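The structure displayed is predicted, hence computed values, not measured ones.
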Amino acid sequence: MSKKVRVRFAPSPTGGLHLGGVRTVLYNYLFAKKNEGEFIVRIEDTDQSRYVSGAEAYIFDTLKWCGLTPDESVQQGGNFGPYRQSERKEMYRQYAEKLVAAGKAYYAFDTPEELEQMRHSDSTTSHQYDHSTRMKMRNSLSLTDAETKQLLASGSGYVIRIKMPKGETIAFTDMIRGEVKFDTSLVDDKVLLKADGMPTYHLAVVVDDYLMKISHAFRGEEWLSSAPVHILLWEYLFGLKNMPQWAHFPLILGPNGKLSKRDGAKYGFPVFSMNWTDPKTHETTAGFKEKGFLPEALINYLALLGWNDGTEQEIFSIDELIEKFSIERVHSAGAKFDFEKAKWFNHEWIKRSSAQKLLPQVKAMLIAEKISHGTDAQLEKIIDLVKDRCTLLTDFVQQTTFFFKSPDTWDTEAVKAKWNDEKKNFFESFAEKIKNSPADAATLENIFKETAAEKNIKPGELQLPFRIMLVGGKFGPPVFHIAEQLGIEETILRINTAIKLF
RNA sequence: GGCCCGUUCGUCUAAGGGCUAGGACACCACCCUUUCACGGUGGUGAUACGGGUUCGAAUCCCGUACGGGCUACCA
């Protein structure tokens with residue numbers, strides 16, 4: 001019997017949630033759903049100096065847009081709260097003190113200046129706070145008990161550091177990478193409890209994963225190096241048998257290495273799923289949503305960036321992902337984000353989406369552009385006509401505007417070379433003939449062809465000019481379908497307007 | 001610098017000792033279409049390098065190179 005699957009995503013609210021974070025959420029979510037477990041979001045806000053207002057709300061907005069709803073979080077609530085570490089502050093100290101009492105951790109009184117000096121000193125080889133340097137520092141190991149007591153009583157600031165053992169090998173099995181080993185001599189004495197009484201990530205993650213009964217701890221590869229600290233803490237505090245299983249996901253890389261929040265603008269593609277405005281600088285970093293992406297497409301691409309189901313299937317709905325996902329098939333190497341492929345996924349999802357589903361979003365864009373959008377029924381037909389031509393949702397603006405608004409510029413260059421009086425005459429007759437005809441595409445096409453035959457002109461040669469008249473440019477769905485949507489009156493109007501310009 | 005992780009077409013990846021190393025994006029050509037697309041067909045293009053182990057290595061082992069991560073009282 002295995003314990004209930006419970007996974008957590010634990011972001012710190014220090015800014016926008018970038019692609020790597022979204023994918024980490026996704027894999028957590030997929031694993032939880034696949035195993036009928038619970039997905040928890042825990043806010044790791046133990047660093048008060050890095051707090052960014054609005055970041056937490058933004059993270060939840062992102063999850064909502066992506067459709068990755070937590071089962072427990074500060075928003076949903078749950079039986080293991082509070083889900084914000086700043087509100088759990090009082091819970092951590094006892095564990096740190098317990099470690100001190102057991103000789104696994106110690107008080108350290110060094111000032112930032114003293115730490116700085118040690119790191120740049122030539123007299124040490126490690127330049128880090130570890131077994132080789134700690135006896136030269138001011139802590140409860142190097143000081144006498146009396147001195148330590150005195151310092152603690154005097155109220156001078158102190159932190160609690162883990163006492164990393166010397167010369168031991170810590171090994172654990174990563175679900176993606178297999179066995180990973182570390183020599184404890186090379187790991188430094190990480191701070192567990194800060195001078196302000198807040199835990200560091202290292203203590204908090206272990207304590208909370210235990211208290212929240214986390215069964216599988218998944219996080220980015222950037223955490224692999226600190227795993228030995230966490231393993232040791234588990235061993236000292238709660239026992240290795242109770243430790244969750246670990247998996248460290250490969251990183252998502254930008255064009256020049258590590259994907260960075262700050263470089264969002266430079267890449268030419270978003271790094272956030274939704275627009276993020278920094279509350280201090282008021283700078284806005286573009287998001288996939290506003291860029292015209294469907295959440296299904298982003299999720300689909302992110303899922304495939306580092307995972308595949310072993311077949312050649314590429315398009316997956318979230319339900320299919322849940323069904324097929326497995327940690328074992330997550331690739332171990334980092335993956336470069338390819339914006340072109342992301343767009344391809346979006347195009348595929350637009351093509352597969354019904355007009356009805358696309359309608360609200362297309363309508364919202366047209367409203368934002370102050371373009372009338374006709375009735376819903378009409379817009380739906382138009383969306384069906386043009387969606388194959390739209391890679392991004394924003395493409396719908398150009399592809400649908402001419403249905404509602406007469407062009408104000410015409411690609412006359414495209415027709416001028418082959419334009420002549422016979423063709424002009426054709427369009428005059430055509431406009432006259434359709435006056436009382438039904439407006440369906442087939443009828444219009446028949447009249448068009450009959451008239452062309454009468455005038456002895458190949459109908460093909462007349463289609464491009466007709467298109468330019470109705471659309472203004474060389475794009476859009478079949479021209480008679482456009483005319484059908486426009487209606488007889490508007491079609492005649494556009495013919496008469498444009499005919500003077502050629 | 002030290003430690004850890006990684007390395008198959010330009011990019012994402014499949015192939016976990018045995019067939020011409022497969023697919024997708026992108027790119028090119030052709031077909032369809034007298035618009036732009038969609039669609040279809042075909043093409044260019046990869047096992048980082050060097051040693052082993054083996055009848056046989058992209059696959060296992062070692063080394064080198066390269067890439068990435070970590071090395072804070074940040075997560």
Task: Between A:H120 and A:E116: side-chain donor-acceptor atoms closer than 3.5 Å - done: yes
TODO: Identify whether NZ of Lys or CZ of Arg in A:R134 sits under 6.0 Å from the centre of the six-membered ring of A:Y129 and within 45° of that ring's axis.
DONE: no
Open item on the list: Partner lookup for B:A65, please. Criteria are Watson-Crick or G-U wobble with both distances under 3.5 angstrom; report none if nothing qualifies.
Closed with: B:U7
Task: Nearest-Å distance once atom C1' is located in both B:G51 and B:G16 - done: 23 Å
Open item on the list: Would you say A:N308 places a side-chain N or O within less than 4.0 Å of OP1 or OP2 belonging to B:A14?
Closed with: yes
Open item on the list: Classify the ring geometry of A:F480 against A:F448: parallel below 30°, tilted from 30° to 60°, perpendicular beyond 60°.
Closed with: perpendicular
TODO: Apply the ring-ring contact (aromatic ring centres under 6.0 Å, His included) test between A:F288 and each candidate in A:W276, A:F269, A:F337; give the one that qualifies.
DONE: A:F337
Open item on the list: Does A:V180 reach a base, just sugar-phosphate, or nothing at all? Heavy atoms under 4.0 Å.
Closed with: sugar-phosphate
- [ ] Summarise how protein sits on nucleotides 33-47 of chain B as a single string, 5' to 3': B when a protein heavy atom is under 4.0 Å from the base, S for sugar-phosphate-only contact, - for no contact.
- [x] -BBBBSS--------
Task: Pairwise C1' distance, B:A15 and B:C4 [rounded to whole Å] - done: 28 Å
- [ ] Identify whether any heavy atom of A:F182 sits under 4.0 Å from a base atom; if not, whether one sits that close to sugar-phosphate; answer base, sugar-phosphate or nothing.
- [x] sugar-phosphate
Task: 4.5 Å side-chain heavy-atom contact, A:V22 and A:F272 - done: no
- [ ] Give a yes or no on whether the backbone of A:E179 and the side-chain of A:D174 come within a donor-acceptor separation of less than 3.5 Å.
- [x] no
Open item on the list: So A:H216 and A:Q245, do their side chains get closer than 4.5 Å, heavy atoms only?
Closed with: yes
Open item on the list: Categorize A:R219 for me: base, sugar-phosphate, or nothing, with a 4.0 angstrom heavy-atom threshold over every strand shown.
Closed with: nothing
Open item on the list: For a quick check under 3.5 Å, do A:E97 and A:Y107 share a side-chain donor-acceptor pair by atom type?
Closed with: yes
Open item on the list: Going by purine N1 to pyrimidine N3 plus the second Watson-Crick contact, or the G-U wobble pair, all under 3.5 Å, which nucleotide sits opposite B:A29?
Closed with: B:U41
Open item on the list: Quick one, A:W307 and A:H331 - any side-chain contact, counting heavy atoms below 4.5 Å?
Closed with: no
Task: Donor-acceptor pair, side chain of A:E114 and main chain of A:T111, under 3.5 angstrom - done: yes
- [ ] Using only heavy-atom distances, determine whether the side chains of A:R8 and A:N28 contain a donor-acceptor pair under 3.5 Å.
- [x] no
Open item on the list: Strictly under 4.0 angstrom, non-hydrogen atoms only: write out the protein contact profile of nucleotides 65-75 of chain B, one letter per nucleotide from the 5' end, B, S or -.
Closed with: ---BBSSSBBB
Task: Sugar-phosphate, base or nothing in reach of A:G306, heavy atoms under 4.0 Å - done: sugar-phosphate
Which atoms of nucleotides 26-31 of chain B (N or O only) lie under 3.5 Å from a protein N or O atom, and what are those distances?
none

- [ ] Give one of base, sugar-phosphate or nothing for A:H248, where a contact means two heavy atoms less than 4.0 Å apart.
- [x] nothing
Task: Nearest-Å distance once atom C1' is located in both B:G69 and B:A14 - done: 27 Å
TODO: Scan every strand shown for a Watson-Crick or G-U wobble partner of B:C73, both distances under 3.5 Å, and answer none if you come up empty.
DONE: none
